[in-house]
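Below is one structure, written out as structure tokens, with a few remarks after it.
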Amino acid sequence: MDILRGLKQVPDTLGASVVTIGVFDGVHRGHQLLIGEAVHRARELGVPCVVMTFEPHPVAVFAPDRAPKALFPFEERARFIAELGVDYLLVIDFREELAGQSPEAYVRDVLAGRLGARAVVVGENFTFGKDAAGTAETMRELGQRYGFEVVVVPLLNDAGVRVCSTAVRSELDRGDIGAAADFLGRAFSVTALVERGAGRGGRELGYPTANQYLDTVSALPADGVYAGWLTIVDDGPIDGDMEPGVRYPAAISVGTNPTFGDARRSVESFILGRDADLYGRLARVEFVAKVRDMVKFNSVDDLLANMARDVETTRNILERQPQHG
């Protein structure tokens with residue numbers, strides 16, 4: 001999949017395409033259905049499939065105080081989209097392109113013009129153009145005028161609950177990792193550099209952790225301890241008994257670590273049965289199940305006893321999970 005940063009990078013050789021449009025912040029099962037339909041239609045027509053997305057989130061541009069927390073960084077969203085068989089990912093920055101265009105200009109200049117759309121696939125709640133004045137029905141009408149098919153995909157529901165990014169965030173806020181994974185069609189994960197922690201002496205305590213500090217606009221599960229997997233996703237050998245690209249079982253703590261008074265919210269992963277220097281490496285942490293809520297312990301001995309139980313519980317949970325995702 002080729003990533004195109006802006007309309008100017010669209011190759012003149014593109015010719016025709018099938019296009020689907022959206023932020024796709026979670027690339028959840030509803031998004032997968034939409035993109036999958038676009039890929040299918042593109043294969044039928046023998047043309048490339050173009051996913052047009054936006055970075056940063058348009059709401060973050062126009063109303064930053066209302067911007068939703070990001071479920072995944074752009075690089076992860078791009079990876080998920082590529083796995084669906086897309087040919088081009090067109091990334092639009094609203095600060096530079098499209099903002100203020102009427103729905104008709106949007107269709108005429110971008111979809112029919114620059115992208116040569118033969119078909120456009122949108123969700124039934126799709127809006128576009130200045131002040132979000134265009135709807136899926138508007139797209140149908142303009143498609144007839146400018147000579148392309150419009151496929152409107154119904155919203156996906158699970159037992160009456162709409163599969164959407166808002167639902168994923170809600171489940172994460174509750175710490176229900178399983179429900180979030182059901183909506184996503186995959187385990188929720190975070191990807192960030194491993195940094196040095198607050199100097200709590202994890203190695204001396206016997207539980208050295210890979211610490212990750214995400215920005216405040218990134219979504220995280222509710223504070224607590226979780227079972228999951230850690231993978232180093234960048235290249236190069238690791239000093240220790242781990243290898244890049246291999247998923248290792250981990251007990252994962254999310255929160256501020258109240259026992260030691262650390263105010264920074266972090267993701268701290270204790271990798272079971274491994275010892276390696278991971279500082280500065282890019283790690284993906286996948287959450288499988290919640291072990292317990294966050295608790296402030298009265299002593300280091302209490303903390304250590306609970307950590308031992310957390311590790312044993314994590315091991316039991318992950319023994320029932322596949323080693324490879």
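Because only heavy atoms are used, hydrogens play no part in the values below, and waters and symmetry mates are left out as well, while side chains stay in.
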* Is there a side chain to side chain contact (heavy atoms under 4.5 Å, CB included) between Val267 and Asn211 once you walk through the steps? -> CA-CA 6 Å; Val267 175; Asn211 297 348; over 6 Å; no

Show me the donor-acceptor pairs, under 3.5 Å and distance only, between side chains in residues 158-169 and residues at least two apart or in other chains.
{"residue": "Asp158", "atom": "OD1", "partner": "Arg29", "partner atom": "NH2", "Å": "3.3"}
{"residue": "Asp158", "atom": "OD2", "partner": "Arg29", "partner atom": "NH1", "Å": "2.7"}
{"residue": "Ser165", "atom": "OG", "partner": "Asp25", "partner atom": "OD1", "Å": "2.6"}
{"residue": "Arg169", "atom": "NE", "partner": "Lys69", "partner atom": "O", "Å": "2.6"}
{"residue": "Arg169", "atom": "NH2", "partner": "Asp25", "partner atom": "OD2", "Å": "2.6"}
{"residue": "Arg169", "atom": "NH2", "partner": "Lys69", "partner atom": "O", "Å": "3.1"}

Which donor-acceptor pairs under 3.5 Å do side chains of residues 110-134 form with protein atoms, sequence neighbours excluded?
{"residue": "Arg114", "atom": "NE", "partner": "Leu7", "partner atom": "O", "Å": "3.3"}
{"residue": "Arg114", "atom": "NH2", "partner": "Val10", "partner atom": "O", "Å": "2.7"}
{"residue": "Glu124", "atom": "OE2", "partner": "Leu155", "partner atom": "N", "Å": "2.7"}

* Does Val246 belong to the same Ile/Leu/Val/Met/Phe/Trp/Tyr cluster as Val190, with side-chain heavy atoms less than 4.5 Å apart forming each link? -> yes

* Asked: Roughly how far, to the nearest 0.5 Å, is CD of Gln9 from CG of Leu4?
  -> 6.0 Å

* Asked: Distance from Leu45 atom CG to His40 atom NE2, nearest 0.5 Å?
  -> 9.5 Å

* To do: Evaluate the side chain to side chain contact (heavy atoms under 4.5 Å, CB included) criterion for residues Met307 and Ser253: first the C-alpha distance (whole Å), next the side-chain angles of each, then the deciding distance (0.1 Å), finally the verdict.
  => CA-CA 10 Å; Met307 289 175 75; Ser253 173; over 6 Å; no

* Any chance you could lay out the side chain to side chain contact (heavy atoms under 4.5 Å, CB included) test for Arg108 and Tyr146, step after step, and finish with the verdict? => CA-CA 7 Å; Arg108 181 191 64 226; Tyr146 287 96; 3.6 Å; yes

* Test item: Val51 and Ile35 side chains (from C-beta on) under 4.5 Å apart, heavy atoms -> yes

* Who are the side chain to side chain contact (heavy atoms under 4.5 Å, CB included) partners of Asp65, not counting sequence neighbours? -> Ala63

* Asked: In Å, rounded to the nearest 0.5 Å, how long is the span from CD1 of Ile271 to OH of Tyr248?
  -> 9.5 Å

* Asked: Side-chain heavy atoms under 4.5 angstrom apart, residues restricted to Ile, Leu, Val, Met, Phe, Trp, Tyr: same cluster for Ile252 and Tyr279?
  -> yes

* What residues, two or more places apart in sequence or in another chain, satisfy ring-ring contact (aromatic ring centres under 6.0 Å, His included) together with Phe80? -> Phe72

* With a 4.5 Å heavy-atom cut-off, do Arg284 and Arg247 have their side chains touching? -> no

* Sole residue of Arg292, Arg174, Lys290, Arg265 in salt bridge (charged side-chain N to carboxylate O under 4.0 Å, His left out) with Asp223 -> Arg265

* Asked: Would you call Arg5 and Glu55 a salt bridge, taking side-chain N to carboxylate O under 4.0 Å as the test?
  -> no

* Measure the shortest side-chain to side-chain distance between Phe148 and Val107 over non-hydrogen atoms and say whether it is less than 4.5 angstrom. => yes

* Structure fact -> When every non-hydrogen atom of Ala219 is compared with those of Leu172, the smallest separation belongs to CB-CD1, 4.2 Å

* Would a 4.5 Å heavy-atom cut-off, applied to side chains only, mark Glu37 and Val151 as touching? -> yes

* Flag side-chain contact, heavy atom, 4.5 Å: Val288 against Trp229 -> yes

* To do: Kindly write out the residues that satisfy side chain to side chain donor-acceptor pair (under 3.5 Å) with Asp2, not counting sequence neighbours, or none if the list is empty.
  => none

* Asked: Considering all heavy atoms of both residues, which atom of Ile177 and which atom of Ala289 are nearest to each other, and what is their separation?
  -> CG2-N, 4.2 Å

* **Residues which pass salt bridge (charged side-chain N to carboxylate O under 4.0 Å, His left out) with Arg274, listed by chain and number, not counting sequence neighbours** => none

* Please tell me if the side chains of Arg281 and Pro244 come closer than 4.5 Å, counting only heavy atoms from C-beta onward. => yes

* **Residues that Ser189 engages under side chain to side chain donor-acceptor pair (under 3.5 Å), provided they are two or more places apart** => none

* Tell me yes or no: between the side chains of Thr313 and Asp310, is some donor less than 3.5 Å from an acceptor? => no

* **Shortest non-hydrogen separation from Ser269 to Val285 and the atoms involved** => OG-CG2, 3.6 Å

* Residues forming a side chain to side chain contact (heavy atoms under 4.5 Å, CB included) with Arg140, sequence neighbours excluded -> Glu137, Val150, Val152

* **Atom pair CD (Glu149) and CD (Gln144), whose distance is rounded to the nearest 0.5 Å** => 11.5 Å

* Report the distance from atom CD1 of Ile92 to atom OG1 of Thr53, rounding to the nearest 0.5 Å. => 9.5 Å

* Shortest non-hydrogen contact from Leu33 toward Pro154 -> CD2-O, 4.4 Å

* Is the count of non-hydrogen atoms from other residues, nucleotides or ligands lying under 6.0 Å from Asp235 atom CG greater than 12? -> no

* Residues Arg41, Glu44: salt bridge by 4.0 Å N-O rule -> yes

* Residue pair Ala251 / Leu272: nearest heavy atoms and the distance that separates them -> N-CD1, 3.6 Å

* Asked: Residues sharing Leu282's hydrophobic cluster, by side-chain heavy-atom contacts under 4.5 Å among ILVMFWY, directly or via others?
  -> Leu193, Val233

* **Residue pairs, two or more places apart or on separate chains, that pass salt bridge (charged side-chain N to carboxylate O under 4.0 Å, His left out) and touch residues 82-91** => Arg43-Asp87, Arg79-Glu83

* Asked: Does Asp109 have any salt bridge (charged side-chain N to carboxylate O under 4.0 Å, His left out) partners at least two apart in sequence or in another chain, and if so, which?
  -> none

Return a table of donor-acceptor pairs under 3.5 angstrom between the side chains of residues 178-186 and protein atoms on other chains or two or more places apart.
{"residue": "Arg186", "atom": "NH1", "partner": "Gly26", "partner atom": "O", "Å": "3.2"}
{"residue": "Arg186", "atom": "NH2", "partner": "Val27", "partner atom": "O", "Å": "2.5"}

* Minimum side-chain heavy-atom gap Phe287-Val254 below 4.5 Å -> yes

* Intermediate values then yes/no, side chain to side chain contact (heavy atoms under 4.5 Å, CB included), Ile317 and Val291 -> CA-CA 9 Å; Ile317 291 171; Val291 173; 4.2 Å; yes

* Asked: From Leu230 CG over to Leu278 CG, what is the distance, rounded to the nearest 0.5 angstrom?
  -> 7.0 Å

* Asked: Looking only at heavy atoms, what is the nearest atom pair of Gln212 and Ala192, with distance?
  -> NE2-O, 2.9 Å

* Taking the side chain as C-beta and beyond, is there a heavy-atom pair between Ser266 and Glu195 under 4.5 Å? -> no

